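Numbering starts at 1 and runs along the sequence shown. The model shown is predicted, which means the values in this text are computed figures rather than measured ones.
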Amino acid sequence: MSKKKKLKLKYIYRRALLLIILVLIFAGSYIYISGADTRSLKKIGYTTDEISFVINQNKVNKKVLKRYPHITNLNDLVHNKDYNKVNLSKYLDIWSKDKDINTIVVIVNNDIKYPYSEKLVTIVNDKYFILDNLDRYMSYDIEDTSKIVTNVNCNLDKEAYTDEVKTDVSDGYLMIVNKYYKLAEDYHYGELVTVDKKYSVNNNDKLEKNTYEAFKKLVDAAEKENLHIRSKSAYRSYNTQKNLYDNYKKTNGLEWAEKWSAHPGNSEHQTGLALDVCSKDTYTIQKFSSTKEFLWMKDNSYKYGFILRYPEGKEYITGYNYEAWHYRYVGKEVAKYIHDNNITFEEYWAYFVNK
Ligand SMILES: [Zn+2]
């Protein structure tokens, strides 16, 4: 190799070495600088896990965290089901050690104008919290704040019959009819069929077709256990209900009538999806609660799609006295949910059906 060539090679080596050194310096300082945030976060008190989780989500969040003192429950915050990484600084603006993380997330995510309070914590953590009802929850004052969501969802912040809305009959088997939702005079759901004498103590009871099919299965199943459940009162027209209510009012007074009977248009019986039952042996509905048939219905009616519509202890929600005899067809799946969760149809409808 000539001397000239050797010199050229040496020169190339030097250039290459210089380049490598420069790259190393550059990379090293990059790593050092980018690690600076992590180091300062560690100084504040964050664990490596917390830091890497937050950084992986959003690089900006590293800088956000540095602006705040150590967030002791950062893990709870970032693992909240509704945590949104772009809102981190807003969460931290209202964060403090003793506050409920879930409430903070709900307030920020939904731009809620109410400041953090214990009442708000109770409300947003209720299983059946509905954001659209928030203003009503907040302006509803009762001592037992744990009941705010249920009561407002079921319209108890309004007077019965004063703010009546037409029932949305497109809800089908899940339509609601009560003291707040009313049917048109000529309405009933689907096809009404006559209940066979075998299943009724009357001659001409009528039920919606599928409700009747489900009721027959229920009665047949109970018969196998030597229990005799019968229809005592099924579909009622608007006019039948009107006469009934007027008679109750005349005979027993207004207060009694309100607790036991619906206004015309507000009776579930008008849908064709509800019925009162009795035991073949005791016959009257009033005695039904003390029959073996009732005990069976309590445990089994949901398997056929029926719910006890006006349960004991829920009178303040349904607006009716406990009626052991009144059942409503809602389909098996919904009936099971309502049975298993011990809620009323009002509560179910507000949360799962209302659009
Ligand atoms: Zn009834």
Practice problem: Output yes when a side-chain donor or acceptor of K42 lies under 3.5 Å from a complementary backbone atom of T47, and no otherwise. | Solution: no
Quiz item: For H228 and E223, does a side-chain donor sit closer than 3.5 Å to a side-chain acceptor?
Solution: yes
Self-check item: Value rounded to 0.5 Å, distance of CG in N204 from OG1 in T194
Solution: 5.5 Å
Quiz prompt | Pair N102-N125, side-chain donor/acceptor within less than 3.5 Å | solution = yes
Would you mind writing out the side-chain donor-acceptor pairs for residues 207-219 within the sub-3.5 Å range, not counting sequence neighbours?
unit_1: E208; atom_1: OE1; unit_2: Y173; atom_2: OH; d: 3.3
unit_1: E208; atom_1: OE1; unit_2: N210; atom_2: N; d: 3.1
unit_1: E208; atom_1: OE1; unit_2: T211; atom_2: N; d: 2.8
unit_1: E208; atom_1: OE1; unit_2: T211; atom_2: OG1; d: 2.7
unit_1: E208; atom_1: OE2; unit_2: Y173; atom_2: OH; d: 2.7
unit_1: E208; atom_1: OE2; unit_2: N210; atom_2: N; d: 3.3
unit_1: N210; atom_1: ND2; unit_2: Y173; atom_2: OH; d: 2.7
unit_1: Y212; atom_1: OH; unit_2: D196; atom_2: N; d: 2.9
unit_1: E213; atom_1: OE2; unit_2: K216; atom_2: NZ; d: 3.4

Quiz item: Is it true that atom NZ of K298 has more than 12 heavy atoms of other residues, nucleotides or ligands lying nearer than 6.0 Å?
Solution: no
Self-check item: A335 backbone acceptor or donor facing H339 side chain under 3.5 Å
Solution: no
Exercise. Please determine which of Y316, F345, Y320 meets the ring pair (Phe, Tyr, Trp, His ring centres under 6.0 Å) test together with Y310.
Key: Y320
Practice problem: State whether the side chain of T122 and the backbone N or O of E118 hold a donor-acceptor pair below 3.5 Å, judged by distance alone. | Solution: yes
Quiz item: Does any non-hydrogen side-chain atom of F26 lie less than 4.5 Å from one of I21?
Solution: no
Quiz prompt | Donor-acceptor pair, side chain of N80 and main chain of D82, under 3.5 angstrom | solution = yes
Exercise. Identify, with sequence neighbours excluded, every residue that meets side chain to side chain contact (heavy atoms under 4.5 Å, CB included) alongside S233.
Key: R236, H269, D276
Quiz item: Have S146 and D144 got a donor and an acceptor in their side chains that come within less than 3.5 Å?
Solution: yes
Quiz item: Is the cationic atom of K166 (NZ for Lys, CZ for Arg) positioned less than 6.0 Å from the six-membered ring centroid of Y187 and within 45 degrees of its normal?
Solution: no
Quiz item: Just wondering, do W296 and N300 contact through their side chains at under 4.5 Å, heavy atoms?
Solution: yes
Quiz prompt | Candidate pair D281 and K287, rule salt bridge (Lys or Arg N to Asp or Glu O under 4.0 Å), full reasoning | solution = CA-CA 10 Å; D281 308 319; K287 282 185 182 159; over 6 Å; no
Quiz item: Taking side chain as C-beta onward, heavy atoms only, is S231 less than 4.5 Å from V201?
Solution: no
Quiz item: Just one of N153, T318, N178, T150 clears the side chain to side chain donor-acceptor pair (under 3.5 Å) bar with E346, so which one?
Solution: N178
Quiz prompt | side chain to side chain contact (heavy atoms under 4.5 Å, CB included) evaluation trace for K127 with N341 | solution = CA-CA 11 Å; K127 189 178 173 188; N341 289 278; 3.1 Å; yes
Quiz item: How long is the gap from CD1 on I307 to NE2 on H326, to the nearest 0.5 Å?
Solution: 8.5 Å
Quiz prompt | Test side chain to side chain contact (heavy atoms under 4.5 Å, CB included) applied to L275 and D205, step by step | solution = CA-CA 9 Å; L275 79 164; D205 276 355; over 6 Å; no
Tell me which donor-acceptor pairs under 3.5 Å the side chains of residues 348-355 have, and how far apart each pair is, sequence neighbours excluded?
unit_1: W349; atom_1: NE1; unit_2: D171; atom_2: OD2; d: 3.2
unit_1: W349; atom_1: NE1; unit_2: L174; atom_2: O; d: 3.4
unit_1: K355; atom_1: NZ; unit_2: D171; atom_2: OD1; d: 2.5

Practice problem: May I ask you to check whether Y248 and W260 place their ring centres under 6.0 Å from each other? | Solution: no
Quiz item: How are the rings of Y83 and Y91 set to each other: parallel, tilted or perpendicular (split at 30° and 60°)?
Solution: tilted
Exercise. Flag the pair Y235 / L273 as yes when at least one side-chain heavy-atom distance between them is below 4.5 Å, and no otherwise.
Key: no
Exercise. Indicate yes or no: at least one non-hydrogen side-chain atom of L120 is less than 4.5 angstrom from one of L134.
Key: yes
Quiz prompt | Test item: R136 side-chain N/O and V152 main-chain N/O as donor-acceptor pair under 3.5 Å | solution = yes
Exercise. Report yes if the side chains of K182 and V165 come closer than 4.5 Å at any heavy-atom pair, otherwise no.
Key: no
Quiz item: Do other residues, nucleotides or ligands put more than 12 heavy atoms under 6.0 Å from the NZ atom of K332?
Solution: no
Quiz item: For the atom pair CG (N266) and OH (Y180), what is the distance rounded to the nearest 0.5 Å?
Solution: 11.0 Å
Self-check item: Atom pair CD/CD of E323 and E312 - distance to nearest 0.5 Å
Solution: 12.5 Å
Practice problem: Could you walk me through whether Y245 and H263 pass side-chain hydrogen bond (donor to acceptor under 3.5 Å, both in side chains), step by step? | Solution: CA-CA 6 Å; Y245 175 77; H263 289 193; 3.2 Å; yes
Quiz item: Out of curiosity, R67 CZ to L65 CG, how far, rounded to the nearest 0.5 Å?
Solution: 9.5 Å
Practice problem: Using a strict cut-off of less than 4.0 Å between a Lys/Arg side-chain nitrogen and an Asp/Glu carboxylate oxygen, indicate whether E268 and R309 qualify as a salt bridge. | Solution: yes
Quiz prompt | Evaluation steps, side chain to side chain contact (heavy atoms under 4.5 Å, CB included), between S89 and Y68 | solution = CA-CA 9 Å; S89 60; Y68 298 86; 4.0 Å; yes
Self-check item: Other residues, nucleotides, ligands: >12 heavy atoms within 6.0 Å of K90 NZ
Solution: no
Quiz prompt | Modelled atom types, side-chain donor and acceptor of S267 and Q270, under 3.5 Å | solution = no
Quiz item: Can you find a heavy atom in the side chain of L41 that is under 4.5 Å from one in the side chain of K66?
Solution: yes
Quiz item: Do K242 and D246 sit within salt-bridge range, that is, some charged N less than 4.0 Å from a carboxylate O?
Solution: yes
Exercise. Could you give me the CA-CA distance, side-chain angles and deciding distance for Y137 and I130, then say whether side chain to side chain contact (heavy atoms under 4.5 Å, CB included) is met?
Key: CA-CA 9 Å; Y137 298 143; I130 298 168; 3.6 Å; yes
Quiz item: Under 3.5 Å, side chain of D168 to main-chain N/O of S170, donor-acceptor pair present?
Solution: yes
Quiz item: Is any side-chain heavy atom of K113 less than 4.5 Å from a side-chain heavy atom of D135?
Solution: yes
Quiz item: Quick one: CE on M175 to CZ on R328, what's the gap to the nearest 0.5 Å?
Solution: 7.0 Å
Quiz item: Any chance the side chains of S96 and D98 put a donor and an acceptor closer than 3.5 Å?
Solution: yes
